[in-house]
Amino acid sequence: MIKAVYDNMKSFQPKNHFTVGIIDDVTHTSLEVKTGFHPAPAGTIAAKFWGLGADGTVGANQSAIAIIGDNTDKYAQGYFAYDSKKSGGLTVSHLRFGDVPIKSTYQIDNSDFVACHKSNYVEIYDVLKGIKEGGTFLLNSPWSVKEMEKFIPGRVRKTIVDKKLKFYNIDAVKIATQAGLGGRINMIMQTCFFKLANVLPVDKAIGLLKDDIKVMFGKKGEKVVSMNIEAVDKTLNNLIEIKVPKSWKDAVSTEKTVEKATPFVDQVMRKINTQGGDDLPVSVFTPDGVFEQGTAQYEKRGVAIDVPEWIPENCIQCNQCAFVCPHAAIIPIVATAKELKGAPKTFVTVDGKGKDMEAYKFRIQVNPLDCQGCGNCADICPAKVPALVMKSLASQVEGQVENHKFSKTIPFKTDIMKRDTVKGSQMFQPLLEFSGACAGCGETPYVKLLTQLFGERMTIANATGCSSIWGGSAPATPYCTNADGDGPAWASSLFEDAAEFATA
Ligand code: SF4
Ligand code: SF4
């Protein structure tokens, strides 16, 4: 963009009062920014990491920079791009290494190495955009080559062949789980990076990484240190170079057709969420800057590793799972026989328990693509034999996405139980669907409950902080309305003056 400004000054008739950074197709002030200009010094190695907020990717990359900077003659630099969702959101780390000082505090657009730390990102984002011919692509996935043909979109498989990429896969989640690290896959992915990027000899790099682990996790105790070292030791044997089938050259895109929503969701929100926001022209925004509400329901991020599976015969119908869920991703369904007509085969229901429920069928419905996998629901479930068991997201998507969609056709039964009880409150639609708060957030269950108790006559004056991020950061907002069109009115002040703001 800076080059475009200089080119403009050099031109025969320079544009006065120009803009860069936006595509102004309304007043036509923007300068043309040409692609293909790479100002980084020759010989710079560029690596890009697509990580999930809180999987440790950013911390691991910061220590990779320190290890390389401290132990080689190379200069190292990192630039980190986060979305506002923090835990469970997208983090893209841009790392550069070179023999001369690096002054590139901006995103990489032509990389030698790309690592994708979350398997479903290959479908959501254009992860290989700008990768150099002959570059290296590292994927964390549990997939065999056959499964890759099912889960990796054709455009990605074709790029792997067309650009002659070296393609590696590691099942980092499996190794982390075996080592007792849960979703913390950072040390595993960092070990792979050192093996593949060749910035320093791999044995030396792994030795330095282990020293770093002792410093980083020393305070957390010997056990945490040894779990991380075990994960590093298991990594290289499980890193597989994929023999790319020739047929991938002709792979056609298998992208799923996304259900149409509102023009704002289709043209603005979805583009921003898939990292295409910078390419949006001015004309798609409304002149008053108003963003639609209740749009988080279209995000369907699918970020959980495990989601709950309901075991009907063990359930005592207490609704506590729904009560504690920070993300409104599990709700009781109370339905009449008529409402169940046309239900999918796997939409199992049981007889309602108790006097109030005699006329109804009952079911706990999980919404797997909005669930964040915190496990709070399974932890709270008081049934003698667990009625919620955490299972892999992949095992639940096929049946439960369809079931969840069907469950939305069944109206909430708000006149059966007292609203101000744990059980009865869950008969009301949460008007906070579905907050992008961190998995297991301690704030959102309270606010979600407030919306179930008072949502249709509730006004929220939000101060700036976590609650304004999960409650209203662009482009998606979770506050929504019920079937009558009533819901919380929400506004946010930029400052910590919520009390004055609310009374103003
Ligand atoms: S795992 Fe967490 S987010 Fe998912 S349904 Fe249970 S409580 Fe909600
Ligand atoms: S907490 Fe357990 S027993 Fe209670 S409704 Fe949920 S699944 Fe059923």
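Bear in mind the structure is a predicted one, so any value in this text is a computation, not a measurement.
- In this structure, F49 and H117 have perpendicular ring planes: the angle between them is above 60°, well past the 30° mark.
- Heavy-atom neighbours of K103 NZ from other residues, nucleotides or ligands within 6.0 Å: at or below the threshold of 12.
- The two residues I364 and C315 come nearest to each other via the heavy atoms CG1-SG, 4.4 Å.
- Here the side chain of K164 pairs no donor or acceptor atom with the backbone of V161 at under 3.5 angstrom.
- Aromatic ring orientation, W50 versus Y121: perpendicular (interplanar angle above 60°, classes split at 30° and 60°).
- Between T159 and K163 there is a side-chain heavy-atom pair separated by less than 4.5 Å.
- Judged by distance alone, the side chain of N319 and the main-chain N or O of A322 form no donor-acceptor pair under 3.5 Å.
- Aromatic ring pairs are classed by plane angle as parallel below 30°, tilted from 30° to 60° and perpendicular above 60°; the pair W248 and F167 is tilted.
- In this structure, K195 places its NZ atom where only 12 or fewer heavy-atom neighbours from other residues, nucleotides or ligands lie under 6.0 Å away.
- Side chains of Q426 and Q320: a donor-acceptor N/O pair is absent below 3.5 angstrom, by distance only.
- Seen from the ring of Y106, R96 counts as a face-on cation partner, given the 6.0 Å and 45° thresholds.
- Under the 6.0 Å cut-off for aromatic ring centres, Y168 and F137 do not qualify, their centroids lying 6.0 Å or more apart.
- The minimum heavy-atom distance between N376 and P326, with the atom names listed, is ND2-CG, 3.9 Å.
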